[in-house]
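Contents: one structure, followed by commentary.
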Amino acid sequence: MQNFDVVIVGAGISGIGAACHLQAQCPDKTFTILESRRQSGGTWDLFQYPGIRSDSDMHTLGFNFKPWTDAKSIADGPSIKRYLTETIAEHDLSQHIQHEHKVLSADWSSEDATWTVTTEHTGETRQFCCNFLMMCSGYYNYDTPYTPDFKDQEAFRGEIIHPQHWPKDLDYQDKEVVVIGSGATAMTLVPAMAEEAARVTMLQRSPTYVVARPDQDKIANTLRKLLPDSVAYALTRFKNTQLQHFMYHRMRKEPQKMKKGLIGLVREALGPDYDVEKHFTPKYNPWDQRLCLIPNGDLFKSIKKGKTHVVTDHVDSFTENGVKLTSGEELEADIIVTATGLNMQVMGGSTFSVDGRPINFADTVSYKGMMYAEIPNLIQTFGYINASWTLRADLTAEYACRVINHMDALGVRQCTPRLRAEDTNMPLRPWIEDFSAGYMQRTMDLMPKQGDKDPWRNTQNYALDKKIIRKAPLEDGALLFAKLHLKPIGASASEAEQNAA
Ligand SMILES: Cc1cc2nc3c(=O)[nH]c(=O)nc-3n(C[C@H](O)[C@H](O)[C@H](O)COP(=O)(O)OP(=O)(O)OC[C@H]3O[C@@H](n4cnc5c(N)ncnc54)[C@H](O)[C@@H]3O)c2cc1C
């Protein structure tokens, strides 16, 4: 059994960031990072498909403590991985990361105010103890992507590939490629593969909003020439968060007007003869699902060159030579890429218990979108669907450090969110509201619930989160700090009060 003050699960953006914040703000705490894979970097190491890149700007996808200094603000996967590797080196984190440790379970004992974390390591079971657990395990299953069952899939003679498991040596030079899907991955893959392939067809059931943006931020690059990196980065980050916030809220407030504007830009890019109505006019409003950003309009350029075709139809079945559509048309293919998405997963697929009681996260209520009612000393990082993930990862890690330091200041070992009397009849809502993307909807019933008032909301609003996470007092009557054993719910008020610090 290895003992630490804090265990961090996952060595992706969130886990690496959490460790850096912990080192800076809680320098006396011992910690380890348990990572199931052989490499660090999470998403930015796993995905290796052609053209892999961010779809939000690196001035907000980067950490608040480490400036992004590359000229491109929409960055390719290897550059993001390099940024993370640099962070690991600069903070001497390698010694703290234990690779090939897949966390299977985490069990809390109120008696000892301790989590026992059980991992699988090269076929063996290992255990770790800690007082505070930070789950930075991302939001999707690394082993099994989402692939619908296509009829007669086995009939296809060519290769079928999912972008999550890209074969390094895949040869697609001069081949006919069909990419099924129209999410961020398909939008990235299609123009990248079209450079070498004979032809790429993007087959979509329904259109997505697509926005072309330059991959370089001129203001950021000018600021960097004039100011120290840290100042230029902070200014650009501020500019981008304000701009994202403004645009998101305008789109939600005036969807019809904004829809017209977005579709108008696509028409301008593709010309009057292109059927924008059919292929690029979604039925839903902007930001009901994530907008797809294409750097320098690469997808539109590829369509205009005749290298990329968009087909809006449904798959009927696979055939020997490609895909048969419900319209009766057949698409020939040597390679079919199923860019059909991710399988969302709660807490890295690990099981949890509190004092022997198994936890089903679908039955829990989120506290500030980071902790859960009746689950002590646990913080999870879950980013934004409408802004860069790391904005929230930084806030979450800062908050965890504040909580840990506050427990020390009070001389207590336990903090637990608990619904107050006035919260008990609060209506419960889905973990994320007003977001219809398939990958979210498929698994929403597995996710924790949120309340309709603070501190129980998962706001998905960075400006608001800065207030309720960074600025709000820790002792709000809902987060209870206790010496050791906080009585389970149902204990009389006086007993609970005796326990509270
Ligand atoms: C292709 C792609 C592009 C994206 N682009 C953007 C973008 O441009 N902007 C944006 O904001 N977001 C983007 N996202 C979302 C993206 O996942 C986040 O931005 C960010 O990388 C998440 O970091 P993370 O560390 O929280 O999770 P991950 O990157 O998923 O890392 C989680 C880590 O935890 C480990 N882990 C999981 N379960 C366990 C376990 N049980 N035991 C031990 N270790 C475990 C994993 O192996 C992994 O290393 C993208 C996602 C994908 C898939």
Side-chain angles (χ1 to χ4, degrees), residues 7-19 32-63 73-77 79-81 83-84 87 97-106 117-121 126 128 133-143 145-146 162-164 166 181 183-189 213 215 240-241 244 290-293 295 339 341-352 380-394 396-397 439 462:
V7 165
I8 297 170
V9 179
I13 287 185
S14 305
I16 294 168
T32 189
I33 304 176
L34 301 175
E35 166 55 56
S36 61
R37 302 181 66 242
R38 269 196 202 165
Q39 294 83 15
S40 303
T43 299
W44 303 105
D45 179 74
L46 177 75
F47 280 86
Q48 301 283 342
Y49 57 74
I52 171 77
R53 58 161 171 82
S54 67
D55 60 1
S56 60
D57 68 281
M58 288 308 298
H59 299 97
T60 54
L61 189 58
F63 300 117
S73 77
I74 303 298
D76 57 67
S79 305
I80 303 175
K81 172 82 194 285
Y83 173 84
L84 294 174
T87 312
I97 304 177
Q98 306 202 44
H99 286 110
E100 296 186 83
H101 279 79
K102 186 181 176 70
V103 173
L104 305 175
S105 60
V117 178
T118 305
T119 67
E120 188 270 324
H121 174 66
R126 293 215 177 153
F128 300 79
L133 182 58
M134 295 176 72
M135 291 302 291
C136 299
S137 48
Y139 62 100
Y140 61 88
N141 186 317
Y142 268 63
D143 303 321
Y146 177 68
H162 194 288
Q164 194 165 324
W166 197 264
T185 297
M187 299 286 172
T188 306
L189 254 175
R213 282 276 172 280
D215 62 357
N240 290 3
T241 52
Q244 277 163 13
R290 226 177 145 105
L291 254 61
C292 278
L293 184 150
L342 307 163
N343 258 328
M344 276 190 60
Q345 177 171 270
V346 185
M347 300 284 185
S350 323
T351 60
F352 278 73
Q380 181 210 9
T381 302
F382 196 100
Y384 293 115
I385 44 129
N386 53 13
S388 285
W389 182 276
T390 316
L391 294 171
R392 196 160 212 279
D394 279 333
T396 306
Y439 68 94
Y462 180 59

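As the structure lists them, so they are numbered: ligands from 1, and atoms in each ligand from 1.
- Of the heavy atoms in Ala393, none comes closer than 4.0 Å to ligand 1.
- Checked by distance only, ligand 1 and Thr185 stay at 3.5 Å or farther apart across all their nitrogen or oxygen atoms.
- Residues Phe128 and Thr118 form no side-chain contact, since every pair of their non-hydrogen atoms from C-beta on lies 4.5 Å or further apart.
- Between atom OG1 of residue Thr185 and atom CD1 of residue Ile52 there is a gap of 6.5 Å, rounded to the nearest 0.5 Å.
- Minimum heavy-atom separation, Ser388 to Gln244: N-OE1, 4.3 Å.
- For ligand 1, the polar-atom distance check against Tyr142 finds a nitrogen or oxygen pair separated by under 3.5 Å.
- At a 3.5 angstrom cut-off on N or O pairs, Gln345 does not count as close to ligand 1.
- Using a 4.5 Å heavy-atom threshold, the side chains of Phe63 and Ile16 count as touching.
- The residues Arg53 and Asp76 are annotated as not salt-bridged, no charged nitrogen and carboxylate oxygen being separated by less than 4.0 angstrom.
- Here is the list of ligand 1 atoms found below 4.0 Å of a heavy atom in Arg290: 9 (N), 10 (C), 11 (O).
- A salt bridge is absent between Glu120 and Lys102: the closest approach of a Lys/Arg side-chain nitrogen to an acidic carboxylate oxygen does not fall below 4.0 angstrom.
- Of all atoms in ligand 1, numbered sequentially from 1 with element shown, those under 4.0 Å from a heavy atom of Asp55 are 5 (N), 6 (C), 7 (C), 8 (O), 9 (N).
- The protein non-hydrogen atom at the shortest distance from atom 41 (N) of ligand 1 is Gly348 O, 3.0 Å.
- Using a 4.0 Å cut-off to heavy atoms of Leu34, the atoms of ligand 1 that qualify are 43 (C), 44 (N).
- Among all protein heavy atoms, the one lying closest to atom 27 (O) of ligand 1 is Gly138 CA, 3.2 Å.
- Atoms of ligand 1 lying under 4.0 Å from at least one heavy atom of Gly42, given by number and element, are 29 (O), 31 (O), 48 (C), 49 (O).
- Which parts of ligand 1 touch Gly10 is read off a 4.0 Å heavy-atom cut-off, strictly below it: atoms 33 (C), 34 (O), 35 (C).
- Contacts between Phe47 and ligand 1, counted as non-hydrogen atom pairs separated by less than 4.0 Å, involve the side chain only.
- Taking only non-hydrogen atoms, the option from Ile33, Asn141, Thr43, Ile13 nearest to atom 52 (C) of ligand 1 is Thr43.
- Two residues are said to be in side-chain contact when any heavy atoms from C-beta on lie closer than 4.5 Å; Met347 and Gln380 meet this criterion.
- For ligand 1, the atoms closer than 4.0 angstrom to any heavy atom of Ser14 are 23 (O), 24 (P), 25 (O), 26 (O).
- Atom 35 (C) of ligand 1 has as its closest protein heavy atom Glu35 OE1, 3.3 Å.
- Looking at Leu104 and Ser350, their side chains never come closer than 4.5 Å, going by heavy atoms from C-beta outward.
- Residue contact check for ligand 1: Val9 places a non-hydrogen atom closer than 4.0 Å to it.
- Side-chain contact between Arg213 and Ile74: absent, with no pair of heavy atoms (C-beta onward) separated by less than 4.5 Å.
- In terms of heavy-atom proximity, Ser54 sits nearest to Ile80 at CB-CD1, 3.8 Å.
- Counting protein heavy atoms only, atom 45 (C) of ligand 1 is closest to Ser36 OG, 3.6 Å.
- Contacts of Ser350 with ligand 1, taken as heavy-atom pairs under 4.0 Å, involve the side chain alone.
- For atom 42 (N) of ligand 1, the candidate residues are Leu46, Leu84, Val103, Leu61; the nearest heavy-atom contact is made by Val103.
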ask   = Please walk me through it: do Phe382 and Trp389 pass ring pair (Phe, Tyr, Trp, His ring centres under 6.0 Å)?
value = CA-CA 7 Å; Phe382 196 100; Trp389 182 276; 5.3 Å; yes
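- For the residue pair Ala397 and Met134, the shortest heavy atom distance occurs at CA-CE, 4.3 Å.
- The protein heavy-atom contact nearest to atom 23 (O) of ligand 1 is Trp389 NE1, 3.7 Å.
- Ring planes of Tyr142 and Tyr140: parallel class, angle under 30° (limits at 30 and 60°).
- Ranking protein heavy atoms by distance to atom 1 (C) of ligand 1, first place goes to Tyr49 OH, 3.6 Å.
- The shell of residues lying under 4.0 angstrom from ligand 1, judged by heavy atoms, includes Tyr139.
- Residue Ala106 comes nearest to Leu133 through the heavy atom pair CB-CD2, 3.7 Å, listed as atom of the first residue, atom of the second, then distance.
- The shortest distance between side-chain heavy atoms of Leu84 and Ser40 does not fall below 4.5 Å.
- Within the 4.0 Å heavy-atom shell around ligand 1 one does not find Tyr384.
- Residues meeting the ring-ring contact (aromatic ring centres under 6.0 Å, His included) test with His121, sequence neighbours left out: His101.
- By the 4.0 Å heavy-atom criterion, Cys136 is counted among the residues contacting ligand 1.
- Near Ser56, meaning under 4.0 Å from one of its heavy atoms, ligand 1 places the atoms 7 (C), 8 (O), 9 (N), 10 (C), 11 (O).
- Using a 4.0 Å cut-off to heavy atoms of Ser54, the atoms of ligand 1 that qualify are 8 (O).
- Listed here is the closest heavy atom pair of Asn343 and Pro145: ND2-O, 3.3 Å.
- Residue contact annotation: His101 has a non-hydrogen atom under 4.0 Å from ligand 1.
- Given atom 3 (C) of ligand 1, the protein heavy atom at minimum distance is Trp44 CH2, 3.7 Å.
- Contacts with ligand 1 closer than 4.0 Å are made by no heavy atom of Phe382, backbone or side chain.
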